Amino acid sequence: MKNLTELKGNWNETKGKLKQRFAMLTDNDLLLVEGKQDEMLGRLQEKLGKTKEEIHKVISEL
């Protein structure tokens, strides 16, 4: 997965791509708040039914 600084810098673009790929995701699901990245990844895991590693892979491939 991209490092956190790189991810945060491009988050709006990444968020848009995730919403295109997984239409059921909402802005609240993809809320990236300082210190709460694990919480966001947990929401994505639950909503998409994927492991943390799979989520990291999906994001890094965007």
Side-chain angles (χ1 to χ4, degrees):
M1 186 165 147
K2 301 173 184 177
N3 70 43
L4 185 58
T5 303
E6 189 177 283
L7 180 62
K8 286 167 68 174
N10 298 321
W11 187 242
N12 284 335
E13 181 181 340
T14 302
K15 183 169 65 169
K17 289 178 181 179
L18 283 168
K19 287 172 73 175
Q20 284 177 347
R21 187 164 176 188
F22 303 103
M24 79 285 271
L25 294 177
T26 66
D27 285 334
N28 284 341
D29 294 328
L30 298 169
L31 187 61
L32 182 61
V33 178
E34 188 71 36
K36 298 214 177 203
Q37 296 84 5
D38 287 337
E39 185 179 315
M40 181 198 67
L41 289 173
R43 284 192 308 266
L44 292 177
Q45 282 180 262
E46 186 177 314
K47 196 126 187 194
L48 300 176
K50 296 187 179 293
T51 65
K52 187 179 270 190
E53 292 76 23
E54 289 172 319
I55 299 293
H56 284 283
K57 185 176 181 203
V58 165
I59 291 173
S60 67
E61 291 174 346
L62 295 176

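Not measured: the values here are computed from a predicted model.
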For Glu46, the side-chain hydrogen bond (donor to acceptor under 3.5 Å, both in side chains) test, sequence neighbours excluded, returns none
Closest approach of Trp11 and Leu18, non-hydrogen atoms and distance? CH2-CD1, 4.1 Å
Test item: Lys47 side-chain N/O and Leu25 main-chain N/O as donor-acceptor pair under 3.5 Å: no
Under 4.0 Å between a Lys/Arg side-chain N and an Asp/Glu carboxylate O for Glu53 and Lys57? no
Which heavy atom of Gln45 sits nearest a heavy atom of Ile55, and at what distance? CG-CG1, 4.0 Å
Would you please name every residue forming a side-chain contact (heavy atoms from CB on, under 4.5 Å) with Lys17, sequence neighbours left out? Glu13, Leu62
Residues in side-chain hydrogen bond (donor to acceptor under 3.5 Å, both in side chains) with Glu54, at least two apart? Thr51
Can you measure from CZ (Phe22) to NZ (Lys50) and round to the nearest 0.5 angstrom? 5.0 Å
Smallest separation among heavy atoms of Asp29 and Met40, with atom names: O-CG, 3.4 Å
In chain order, what residues pass the side-chain hydrogen bond (donor to acceptor under 3.5 Å, both in side chains) check against Asp27, with sequence neighbours excluded? Lys19
Using the side-chain hydrogen bond (donor to acceptor under 3.5 Å, both in side chains) criterion, which residues pair with Lys52? Sequence neighbours excluded. none
With a 4.5 Å limit on heavy-atom distance, are the side chains of Arg43 and Leu31 in contact? yes
